Amino acid sequence: MKLLSPQQIHEWDAYTIEHEPIASIDLMERAARRCTDFIIEHNFKHQQILIFCGKGNNGGDGLAIARQLIEAGLSPVVYILEFGAKGTDDFQTNLHKLHQLTTAIHFIQAAEFFPVIDKHKDLVIDALFGSGLNRPLQELSAALVDHINNAGVTVIAIDVPSGMFIDKSSKDNIVIKAKYTLTFQALKLCFIVAENAPCFGEVHVLDIGLINSFLQTIKTYTLVTKQLITTQLIQRNAFAHKGTYGHALLIAGNKGKMGAAILAAKACLRSGAGLVTINTNENYFTAVHAALPEAMCIDRSENIDHSIYKSAGIGPGIGVNDESAIVVAATLTQFTKPMVIDADALNIIAANEGWLNNVPAGSIITPHPKEFERLFGKCADDFERIEKVMALSIQYPFTIVLKGHHTMIASKGEAWFNTTGNPGMAKGGSGDVLTGMLSALLAQGYDPLQSALTGVYLHGLAADIAIKNIAQVSMLATDIIDHISDAILSLQETDDTSLSF
Ligand SMILES: NC(=O)C1=CN([C@@H]2O[C@H](COP(=O)(O)OP(=O)(O)OC[C@H]3O[C@@H](n4cnc5c(N)ncnc54)[C@H](O)[C@@H]3O)[C@@H](O)[C@H]2O)[C@@H](O)CC1
Ligand SMILES: Nc1ncnc2c1ncn2[C@@H]1O[C@H](COP(=O)(O)OP(=O)(O)O)[C@@H](O)[C@H]1O
Ligand SMILES: [K+]
């Protein structure tokens, strides 16, 4: 599934109207019907439904929902924000139809016409502005949204919370604070970024039957779904031996942080690497052997024969110190095969000017937003960061994995957003697990981009499976590792809930 711009969404609507074919007003009816079904099925216990409409097609949806609710025996009250301009054709058609059924239609020309909203009794449907928003809300529309937000009422936003831009930052703008957003057909970029999370609430993607073949023509961000990953999986060969699936070197762990190395190594083995060696200080070998007998160790002061390793993962728990800086510098210049660069290795690179240019082609860097900032500087908002990642993925020959709720994966000017994972992962050690998994995939011969897409998806999926039996607050990074196998097995199942995005 792809993340479309407002222009592309508009074209997708038009394509469906032409090729299904379906009249625009009937498509609006279908979109409204999905919303009405949601509202009725959820059986909200509110006594009064207030529907606020603009005069674009989002408002048209609101009017159609009002009519459908009346037909279902409810008595919504409609408020239309009036600027004097004529509504769109579909808005006007729906207004005409609604007038036949009710007189509870009010026009708001000034703040004095704002209705009193009772948060205990009222349910608000926000159909003021949708994907056609072209400037921040101001004056009367801003005042109305403030009025709704201040009421603390439950709001269901239609398509997008009014005031929120689909594909650019709405930071510091006035935006509806919705409890639910019912968005049409596909997730949008505005629902991927953390900065909008306080406004969109629970996002439900409603299928309004837009024709999928349109998407083949579109170049934009893609969601990482089960379908994408399943097509990329390499099957294990019956005649395989441990050498077939690569030897991964993990340069990880240090005093007080050996856990990071062990987590990465265990995740690496569970994700299919043939052999794993941890490069760390000799003093900590016993800890590794006790926790993970399958892993081997090599002392950090020894010269490494890089030729025997198929991939490397560097950074988890190494600390930012001179000894670690030496091993990072040496690895960047001497290791010629794909590697994963994470955590303190990234912090060391960030602290040393020019080292970024030594990151070999084919590597994967896995910064979280703070590490990203240390490497590439501050961004004004989440959208600027996404654009920066895109530009950097063209500038540098490595794959960028920007970690977060919807981890972004970018390479050569193309980007994907992950759809698995949950807040149970917001605990130390989750990133170390990812480094181990990515190193394993590289060792098995997946190319860097495939490794990043597959590893990030499986990492989140393992965590999603884990929370079926573990409270999110209680989840440990170890629990992610313990469910990697389930995640891999579930890829072989045919159902695909992730495709609902
Ligand atoms: N056939 C279609 O095209 C369909 C469209 N649908 C709905 O149509 C919506 C998009 O409709 P529109 O393109 O008419 O756009 P909107 O309904 O979002 O409204 C845009 C209108 O508001 C004005 N406007 C934009 N920003 C403003 C601001 N800050 N202050 C005041 N006025 C502002 C614009 O000039 C334009 O007249 C979608 O979000 C969705 O709800 C759905 O009915 C599905 C089918
Ligand atoms: N709320 C969340 N939703 C989905 N994934 C999350 C969430 N919080 C953390 N993660 C994932 O967990 C990992 C955390 O990595 P990181 O911050 O480097 O942790 P650490 O360095 O402590 O191991 C990342 O892969 C991130 O995408
Ligand atoms: K809206």
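Keep in mind it's a predicted model, so treat the numbers as computed, not measured. One-based numbering, in listed order, for ligands and for the atoms of each.
Side-chain N or O atoms of D90 include none that pairs as donor or acceptor with a backbone N or O of N57 at under 3.5 Å. Of the possible polar contacts, one joining the H147 side chain to the P115 backbone as a donor-acceptor pair under 3.5 Å is found. Using modelled atom types, one side-chain atom of S430 and one backbone atom of M425 make a donor-acceptor pair closer than 3.5 Å. E82 contributes no side-chain N or O that, together with a main-chain N or O of Q109, makes up a donor-acceptor pair within less than 3.5 Å. Not a single donor-acceptor pair under 3.5 Å links the side chain of N254 to the backbone N or O of K257. The backbone N or O of G313 sits nowhere less than 3.5 Å from a side-chain atom of T435 that would complete a donor-acceptor pair. Using a distance-only test at 3.5 Å, with no hydrogens or angles considered, no donor-acceptor pair links the side chain of T454 to the main chain of I229. Looking at K403, its side chain does come within 3.5 Å of a backbone N or O of T366 through a donor-acceptor pair. Of the possible polar contacts, none joining the R67 side chain to the L98 backbone as a donor-acceptor pair under 3.5 Å is found. The backbone N or O of A267 lies less than 3.5 Å from a partner atom in the side chain of S271, making a donor-acceptor pair.
Remark: minimum distance from atom 18 (O) of ligand 1 to any protein heavy atom is reached at G130 N, 2.6 Å. What sits closest to atom 17 (O) of ligand 2 on the protein, heavy atoms only, is H368 CD2, 3.4 Å. Closest to atom 24 (C) of ligand 2 among all protein heavy atoms lies K403 CD, 3.5 Å. Summary of contacts: the protein heavy atom closest to atom 34 (C) of ligand 1 is N134 ND2, 3.7 Å. Scanning the protein for heavy atoms near atom 6 (C) of ligand 2, the closest one is M425 CB, 3.7 Å. Summary of contacts: the protein heavy atom closest to atom 10 (C) of ligand 1 is S131 OG, 3.5 Å. Among protein heavy atoms, the minimum distance from atom 15 (O) of ligand 1 is reached at G132 CA, 3.3 Å. Among protein heavy atoms, the minimum distance from atom 38 (C) of ligand 1 is reached at D159 OD2, 3.2 Å. Atom 4 (C) of ligand 1 has as its closest protein heavy atom D13 OD2, 3.5 Å. Closest to atom 3 (N) of ligand 2, if we only count protein heavy atoms, is H405 ND1, 2.9 Å. Protein heavy atom nearest atom 12 (O) of ligand 2, with residue, atom name and distance: S430 CB, 3.4 Å. The shortest contact between atom 19 (O) of ligand 1 and any protein heavy atom is with G56 CA, 3.9 Å. Regarding atom 1 (N) of ligand 2, its nearest protein heavy-atom neighbour is P423 CA, 3.2 Å. Annotation: atom 11 (O) of ligand 1 to nearest protein heavy atom, N57 CB, 3.2 Å. Looking at atom 25 (O) of ligand 2, its nearest protein heavy atom turns out to be H459 CE1, 3.2 Å.
At a heavy-atom cutoff of 4.0 Å, ligand 2 is contacted by no atom of E371, backbone or side chain. Heavy atoms of N422 found under 4.0 angstrom from ligand 2 belong exclusively to the backbone. When heavy-atom distances to ligand 1 are checked against a 4.0 Å cut-off, N58 comes that close through both its backbone and its side chain.
Neither side chain, H10 nor Q7, offers a donor N or O lying under 3.5 Å from an acceptor on the other. T420 and D464 share no side-chain donor-acceptor pair at under 3.5 Å. A donor-acceptor contact closer than 3.5 angstrom is absent between the side chains of D167 and S5. Checked by atom type, the side-chain pair D146/N149 shows no donor-acceptor distance below 3.5 Å.
Contact between G54 and ligand 1 is absent, with no heavy atom of the residue lying under 4.0 Å from the ligand. Residue contacts with ligand 2 leave out G460, since none of its heavy atoms falls under 4.0 Å from the ligand. Between I158 and ligand 1 there is no heavy-atom distance shorter than 4.0 Å. At least one heavy atom of G404 lies less than 4.0 angstrom from ligand 2.
Of the polar atoms of F129, none of the N or O atoms is found under 3.5 Å from an N or O of ligand 1, judged by distance alone. Taking any N or O of T88, backbone or side chain, none lies under 3.5 Å from an N or O belonging to ligand 1. The shortest N or O to N or O distance between T420 and ligand 2 is not below 3.5 Å.
Within 6.0 Å of CD on E139 lie no more than 12 heavy atoms contributed by other residues, nucleotides or ligands.
At a cut-off of 3.4 Å, I158 is counted among the residues with an N, O or S atom near the K ion (ligand 3). Taking backbone and side-chain atoms together, D126 has an N/O/S atom less than 3.4 Å away from the K ion (ligand 3). The K ion (ligand 3) lies under 3.4 Å from an N, O or S atom belonging to F129. Residue G54: no N/O/S atom is found under 3.4 Å from the K ion (ligand 3).
For F165 and F383, the ring centers sit 6.0 Å or farther from each other.
Contact atoms of ligand 1 toward L137: 29 (N) (distance under 4.0 Å to a heavy atom of the residue). Of all the atoms in ligand 1, the ones that sit under 4.0 Å from a non-hydrogen atom of P136 are 29 (N). Taking every non-hydrogen atom of M28 and a distance limit under 4.0 Å, the qualifying atoms of ligand 1 come out as 43 (O). The ligand atoms of ligand 2 that sit less than 4.0 angstrom from a heavy atom of G429 are 20 (P), 22 (O), 23 (O).
Proximity annotation for atom 41 (O) of ligand 1: of D61, I208, N94, D61 comes nearest, heavy atoms only. Atom 23 (O) of ligand 2 has its nearest heavy-atom neighbour, among A463, G431, A477, A264, in G431.
There is no protein heavy atom closer than 4.0 angstrom to atom 36 (C) of ligand 1. Per-atom contact check: atom 29 (N) of ligand 1 touches the protein, criterion being a heavy-atom distance below 4.0 Å.
Here the closest heavy-atom approach between residue A64 and residue A32 is recorded as CB-CB, 3.5 Å.
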Carefully, step by step, assess D159 and K188 under the rule salt bridge (charged side-chain N to carboxylate O under 4.0 Å, His left out).
CA-CA 10 Å; D159 204 20; K188 282 113 201 166; 3.4 Å; yes

Which is it for L3 and I166 under the side-chain contact (heavy atoms from CB on, under 4.5 Å) test, yes or no, and what are the steps along the way?
CA-CA 10 Å; L3 298 169; I166 297 279; over 6 Å; no

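For the pair E195 and R385, the salt-bridge criterion is not met [side-chain N within less than 4.0 Å of a carboxylate O].
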